[in-house]
Every structure is written in structure tokens, then in C-alpha cells.
Amino acid sequence: MTSSLARRRFLALAGAAAVAQVPAHSAAASPKPGGYPFSLGVASGDPSSTGVVLWTRLAPEPFDVGGGMPRVKVPVEWQVATDERFRRIVAHGSAWALPELAHSVHVEVNGLAPDREWFYRFRYRNDISPVGRTRTTPALYKSGGALAFAFASCQDWASGYYPSYRHMADDDLDLVVHLGDYVYEGGIPADGGYRKTSTPDVLRKAPQDLERWRMQYALFKSDLDLQAAHARFPWLVTWDDHEVKNDYAGTQQEHAGDITELRAAAYQAWYEHQPVRLRSHIYRRMRWGRLAQLDILDGRQYRSVPPCGWGEADACTGGYAPDVTMLGFPQEKWLFDGFAASAARWNIVGSNVMVGRLDHDGASGNRLWHDAWDGYPAARKRLTDAWVNHRVSNPVVVTGDWHSTFVNDIHRDFDRPGSPVVATEFVGTSISSNGDGEVYGPYYGPMIKYNPHIKFFDGDRRGYFRCTVRNDQMTADLQIVSTVSRRDAPESTYASFVVESGRPGAIKR
């Protein structure tokens, strides 16, 4: 937030909304007539072996100031059941939806049995939400089994529909990991861009304040296929740059300068629209029994301003300065301590930007993209050293951001190409960003020959990765759609990879 006082006030409001029990006799204020309050759907996230976060937001008129709700707190009832007809309800309660938090609801349910599916719903006055399905993780001591998850990123509204989410919602997954660029910070074209739908006037200018950010999230979350994927699976989410401003670092952006105020509004709107637990930071850890540990990173909020230049620039010695950081040193310590303590067979890191090196010009120069880990080589070396020094079992990075697909071997030291391969990275393409155009294939394609650790590249297809983790191997299937100009575009598996336990590096199947 813009100050410690503002931050404390935000956290206090969020806490009240998440945990306060509502007296049974409380009266509910009336929303704007005629609007269904659950227009943005329902979601769950941050699952543990005993609980999960349930989310919704009351927004009968999502593009009005206040979402069509009165400026008073209102009670919302919630239920969790073992079946989707709610014949056996195992948990229930009420929570305040506060106007200060856009009448969003974050219920942190605890006391559930591990490793099973649950169904949930909300009620406000006489309206009942869609039914959501979620699940708890296996008990911490449980070995074996399997984890099926998808990871995705980059879903620009104006660039196209989200047919990938339609297919994802029909799958049998345990979890969805979203790695950022959930919304984009620009105004929406009058014709809706690829979608060719009329855009309300209020959405045509870029968000600058909290109310406008709320409308941006409401627009993106109004997509029915995105709603379906949220309602079907629990999600783990982090952010990247477009939730605030393109390529920002900490509180700075190359052209805008200090973006502290804009960032505070954007961060609050992000919380209001995501199924996340109340916490002082968004980096967090999920354990899937003893099979897998997932560490979800915040690679934006704490990073240093790139010392060698914004975007594409030559490498320089500044990137090796000991005080330059991608994650911030408290987050680094949390991550590395988690590596040291991990008993998991697979250790998966969710990164918003690419860890692997991407040399742009080979021996003729030293051109890199500094908005990724390439801009922070000393920080990357601390990460790879931590994997080695703590003898981390099967480290794998799943990454968003690039609107392209890369499968990378991660060397311990990219300044020494012959250094050992210590981890594997899968970089997913976008859900819709860049539309159907061929943009990054022609741009990045000629660079691949300079980067022998890049084992696969595709720059022009939209989709996501579907992964299955078992004791002996992890598989990753690149699921692509034929177009994002239609909601009903077909899906196919474009490429498949396997990582064998104990052998870093992916093999194309």
C-alpha cells in the first residue's frame, strides 16, 4: 500500500471480511434492482490438507461504481458439502462482504478431511451462486499418488477468447497454477478487439484508480470459460507486470517513474478478485503430500530496478552486484529454507518470468532481455546454488509471461555453458495474448541456435501446459487451440515431454 497505515487498514478490512461471523438477525441491504449478484462466478484456491479459500464477489452491475451494491457491509452465507446436491453439508457460515473490499468474500475454510473433493456455494438474500468444486491436498506424510495440474498465464481480453479454459474445465485436474498477467492494464478497444463486442465507455481508458481497476477485473472475470475453470478446480495464483504496469520493477517503471499509488490500487483489486488467503505477502508454499512441493514466487514486488537497462540490453557487471535481487532477500531466504527442509520427491517453483538464459546474438555480442532472470544473473546463481547445496530433489520451474513456449535445461552457471544441468524449466505460452498472429516465432526463432540449453521452442500458438507428477516422472503436455477468435476452438496436444526422477532435463516424447 502507499503507507504502512494504509496497508494495516487494508489488511484489517480483509481480515474482517474473511473471518467475521454475521449475526443471524442481520438485515441485508438491497443491490441495484434486476442484477444477479454472483455475475463474476465463484472460485477456490490455496488448498491445504485441511482447508481451502472460497471466493466470490457481489457485483450485480459490475461496470458501475460500487458494482451495483450499496455502500454498506452485507452478510453472505456459504456452505461446503460432500456432494454437488448439498445433501451432506459439512461446513457452513456467514461472512461480511465489505464495500471497502468491493463486496468480495474470502472464506478460509478449515477442518476438512485431506485428499478429497468438496462442493461449495454462496447465498445472498434470495440469490444462490453457481456451485463450485474444490479439493484438499493429501496429508503431509502421504507418499506416492499423482498430481495433475495445468499452468497458464497471459490472458489479454482484447486479444481473443479463452477456449483453452473451456477445455481445461472439462479435464480431470487437481489444481490450476496461474503465473500472472491475469488482467492487462490498458483500456479496452471500443469494438472489443478480437472479441468484436461493444465495450462500455468506462472501460476504454486505462485503469488509474481502484474503482477502474475493479471494473477491469470484472470484465476479465465475466468470461464464462474462465469462470468455469475457476469453479471446477482450486487455483494457485501469482501476479506478473500487467496487473500493474508493463515491465515494472518494485515501485518503478521505465517510462512512468514512481508507480507506488497505481500499484497500491492494482494490488488491492487483485486481492479482491482472487481466491487467496489473507497474508502480508503473496509468495507461498503448497505441499502435495510427500510427492510434490510447489513454491509460488512474487517476482515483481521486491525486485531491484534492472541494473543493466530496461528490456533488451547488453549484459553488464551491475547484474552481479550482491545487493541486486529478483525476489528480495526475505523471499529468497524463505525459498531457500523451504528447499532445505523439503522432503518432497518433486520440488516445483512457479515463476512469473523465465529463469533460463536467452542469448539474443550469440558470440557477436551479449544482448539479453533484462525483464527476466537474465537481468539478475547473481540472483539466478543463488537460486541454482541453493538447489545444489540443499540437494533438492527434482527441481522443476514452471513459468509464464513470454506468450511463447520454451523447454529449458537450467545450468548451475549460465556464464559457464558446460556447467551441470541442475533443473528443468517449462515456459508456457499465453491463453490469448498476441491473438492468432505470428509474433514471437520470427523474433525469437533465430536466437534459439545460440542457446543449446533450449530444447524446444514455439512462438506462435496459444494454450497452456498440462502436467502429471508421479514418483518416477513428471510429464508435460503442451495443449494448444486452433484460434482464439472463437470460444469453441478445438484443442490438441502439440508436444509432450517427460522429466525422469533423478535426471534433470526434459525429453521430448
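Predicted model, so just to flag it, every value in this text is computed and none were measured. Hydrogens, waters and symmetry mates are skipped; everything else that's a heavy atom, side chains included, is used.
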Check: His390 ring centre within less than 6.0 Å of Phe339 ring centre: no
Validation row, ring centre Phe86 to ring centre Phe119 under 6.0 Å: no
Contact summary for Leu219 and Trp157, nearest pair of heavy atoms: O-CZ3, 3.2 Å
The single option from Asp174, Leu173, Leu236, Ile348 passing side-chain contact (heavy atoms from CB on, under 4.5 Å) against Phe149: Ile348
Aromatic ring pairing His281/Tyr283, orientation class (parallel under 30°, perpendicular over 60°, tilted between): parallel
Aromatic ring proximity, centroids under 6.0 angstrom, Tyr36 and Phe38: yes
Residue pair Gln479 / Glu491, side-chain donor-acceptor N/O under 3.5 Å: yes
Arg263 to Tyr248, cation-pi by 6.0 Å centre distance and 45° axis angle: no
Salt-bridge criterion met for Lys245 and Glu185 (N-O under 4.0 Å): no
Within 45° cone and under 6.0 Å: Arg290 NZ/CZ vs Trp346 ring: no
Pair Asp298 + Arg303: basic N to acidic O under 4.0 Å: no
Taking every non-hydrogen atom, the tightest pair across Ser393 and Ala344: CB-O, 3.6 Å
Between His273 and Tyr182, ring centroids under 6.0 Å: no
Short side-chain to backbone donor-acceptor contact, His230 and Asp225, under 3.5 Å: no
Side chains of Asp295 and Gln293, donor plus acceptor under 3.5 Å: yes
Mutual orientation of the aromatic rings belonging to Tyr444 and Phe457 [parallel < 30°, tilted 30-60°, perpendicular > 60°]: perpendicular
Identified side-chain contact (heavy atoms from CB on, under 4.5 Å) partner of Ser49 from the options Asp115, Thr136, Leu112, Thr137: Thr137
Polar contact flag, side-chain donor to acceptor under 3.5 angstrom, Asn352-Trp239: no
Side-chain donor/acceptor of His106 to backbone N/O of Tyr271, under 3.5 Å: yes
Asp181 and Ser153 side chains, donor-acceptor separation under 3.5 Å: no
Atom CZ of Arg509: over 12 foreign heavy atoms under 6.0 Å: yes
His403 versus Asn434, side-chain donor and acceptor atoms under 3.5 Å: yes
Under 3.5 Å: donor-acceptor pair, side chain of Thr468, backbone of Thr475: no
Any donor-acceptor N or O pair under 3.5 Å, side chains Ser501, Asn394: yes
Step-by-step ring pair (Phe, Tyr, Trp, His ring centres under 6.0 Å) determination, Tyr120 to Trp78: CA-CA 7 Å; Tyr120 63 94; Trp78 57 271; 9.9 Å; no
Side-chain H-bond candidate by donor/acceptor type, Ser430 with Arg462, under 3.5 Å: yes
Qualifying residue for ring-ring contact (aromatic ring centres under 6.0 Å, His included) with Trp235, from Phe151, Trp55, Tyr165: Tyr165
